[in-house]
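Structure record follows, encoded as structure tokens.
Everything numeric in this text was worked out from a predicted model, so none of it was measured. Hydrogens, waters and symmetry mates play no part in the numbers below; they use all other heavy atoms, side chains included.
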Amino acid sequence: MRGLRHGVRLMVGIVVVATLALLLWGLTRQRPQDVPWAPLDLGQPVGMSTGRKLTALTQDREQCMALLDRAGIRHTPLPARRDGAECGYDDAVRFTDGGAQAIAYRPASLGVSCPVAASLALWEWNGVQSAARDLLGSEVVRIDHLGSYNCRRISGRSTGDWSEHARATAVDIAGFGLRDGRRISVLRDWSDSGAKGRFLRRVRDSACELFATTLSPDYNAAHADHLHLDQAYRGPMGWRACR
């Protein structure tokens with residue numbers, strides 16, 4: 001009798017494991033963006049694991065460059081740069097006109113690390129444009145930025161941790177230009193109670209799904225005029241910030 005019960009439990013266990021394996025296999029095929037082990041595809045919708053996969057590209061320059069090429073994101077690799085022991089990059093790219101992206105950056109020729117470039121493209125396709133069409137009735141044609149690479153510590157302090165800007169793994173977004181001529185400013189419109197304010201919060205929230213760190217005016221006064229987006233690598237299961 002004991003042997004029979006043991007056999008039944010074993011069979012039940014096998015059935016449960018097989019069922020879970022089948023479900024995971026199906027999930028991987030139907031929504032690979034939701035599972036951490038499926039390869040990243042910039043052409044897939046944003047899923048539960050997309051953000052971590054994008055951040056992980058900071059550890060794999062060649063894969064990141066290949067993903068940009070496959071997605072039709074036109075870019076020019078920048079020469080490696082080193083400014084002292086803490087600052088520099090070896091995976092930065094400069095956006096060039098055309099290809100899969102419709103939004104230009106001002107100032108032009110934005111240079112960022114490859115993972116940030118991939119994340120900005122997904123942000124455009126899955127967050128920015130849909131929010132603009134839904135809430136503002138127009139499309140974004142320009143994103144105004146305050147720069148990426150800057151060899152400095154966090155908040156410009158003389159001591160403490162180095163900023164992600166020191167590795168070109170961060171970019172600060174100041175505003176958005178619409179096809180109909182309107183401009184949405186983080187500084188001016190964050191407190192707006194209408195469509196402009198809702199648009200800014202929605203693009204902030206969509207950035208949180210893609211970037212390791214997203215900081216807005218809700219975080220502190222230092223971010224009153226921009227959205228700080230970065231791909232700080234804090235390990236495979238490192239913490240992520242959305243404020």
Tell me the closest heavy-atom pair linking P115 and D91, and the distance in Å.
CD-OD2, 3.5 Å
About how many Å separate OG1 of T159 and CZ of R153, when rounded to the nearest 0.5 Å?
6.5 Å
Answer whether the closest heavy-atom distance between the side chains of V46 and L210 falls below 4.5 Å.
yes
Give the C-alpha distance, both sets of side-chain angles, the deciding distance and a yes or no for salt bridge (charged side-chain N to carboxylate O under 4.0 Å, His left out) between D218 and R204.
CA-CA 10 Å; D218 285 346; R204 186 270 312 274; 3.3 Å; yes
Give a yes or no answer on whether the side chain of S185 reaches the backbone of G175 with a donor-acceptor pair at less than 3.5 Å.
no
Return each pair, listed once, that meets salt bridge (Lys or Arg N to Asp or Glu O under 4.0 Å) where at least one residue sits in residues 159-170; pairs must be two or more places apart or across chains.
E164-R167
Do any pairs count as a ring pair (Phe, Tyr, Trp, His ring centres under 6.0 Å) and have a residue in residues 43-93, sequence neighbours left out, and if so which ones?
Y89-Y149
Candidate pair D225 and V186, rule side chain to side chain contact (heavy atoms under 4.5 Å, CB included), full reasoning:
CA-CA 5 Å; D225 63 349; V186 175; 5.7 Å; no
Give me each pair satisfying salt bridge (Lys or Arg N to Asp or Glu O under 4.0 Å) with a member in residues 94-105, each pair once, sequence neighbours excluded.
none
By the salt bridge (Lys or Arg N to Asp or Glu O under 4.0 Å) test, which pairs, at least two apart or in different chains, include something from residues 74-84?
R81-D83
Regarding T55 and R240, is there a side-chain donor-to-acceptor distance under 3.5 Å anywhere?
yes
Sub-3.5 Å donor-acceptor pair from the side chain of H226 to the main-chain atoms of H145, do we have one?
no
In terms of heavy-atom contacts, A207 and L229 come closest through CB-CD2, 3.8 Å
Using side-chain heavy atoms (C-beta onward) and a distance below 4.5 Å, is D189 in contact with F176?
no
Is it the case that one hydrophobic cluster holds both I103 and L178, taking links as side-chain heavy atoms less than 4.5 Å apart, direct or via other members?
yes
Only pairs at least two apart or in different chains count here, so list each side-chain hydrogen bond (donor to acceptor under 3.5 Å, both in side chains) that has a residue in residues 119-139.
S119-Q231, W123-S206, R133-E139, D134-R202, E139-R179
List, by chain and number, the other hydrophobic cluster members for L215, where Ile, Leu, Val, Met, Phe, Trp and Tyr join if side-chain heavy atoms come within less than 4.5 Å, directly or indirectly.
Y219
Flag side-chain contact, heavy atom, 4.5 Å: R183 against R142:
yes
Any pair with a residue in residues 50-73 that passes salt bridge (Lys or Arg N to Asp or Glu O under 4.0 Å), sequence neighbours left out, goes on the list, sorted by first then second residue, please.
none
Answer yes or no on whether R201 is positioned over the face of W190, meaning its NZ or CZ is under 6.0 Å from the six-membered ring centre and within 45° of the axis.
yes
How far apart are the closest heavy atoms of V128 and V140, and which atoms are they?
CG1-CG2, 3.7 Å
Those residues at least two apart in sequence (or on a different chain) that pass side chain to side chain contact (heavy atoms under 4.5 Å, CB included) with S163 are R152, I154, H165
Separation of I143 CD1 from L227 CG (nearest 0.5 Å)
10.0 Å
Members sharing L146's hydrophobic cluster (side chains within less than 4.5 Å)
none
Any side-chain heavy atom of C114 sitting closer than 4.5 Å to one from L57?
no
So, does N220 use its side chain to make a donor-acceptor pair with the main chain of H223 at under 3.5 Å?
yes
Are the side chains of I184 and L200 in contact, using a 4.5 Å heavy-atom criterion?
yes
Within the structure provided, determine whether L54 and L40 are in side-chain contact (heavy-atom separation under 4.5 Å).
yes
Contacts satisfying side-chain hydrogen bond (donor to acceptor under 3.5 Å, both in side chains) that involve residues 98-115 (not counting sequence neighbours) are R106-D144
Please list, chain by chain and in numerical order, all residues satisfying side chain to side chain contact (heavy atoms under 4.5 Å, CB included) with A108, sequence neighbours excluded.
none
Within the 4.5 Å heavy-atom criterion, are L120 and F95 side-chain neighbours or not?
yes
Can you check whether A170's main-chain N or O pairs, donor with acceptor, with S148's side chain at less than 3.5 Å?
yes
What is the minimum heavy-atom distance between L67 and L42, and which atoms define it?
O-CD1, 3.6 Å
For W162 and C151, work out which heavy atoms get closest and say how close.
CZ3-SG, 4.0 Å
So V93 and L68, do their side chains get closer than 4.5 Å, heavy atoms only?
yes
What are the two closest non-hydrogen atoms of T50 and P45, and how far apart are they?
OG1-O, 4.1 Å
How would you list, by chain and number, every residue that makes a side chain to side chain donor-acceptor pair (under 3.5 Å) with D230, sequence neighbours excluded?
T213, H228
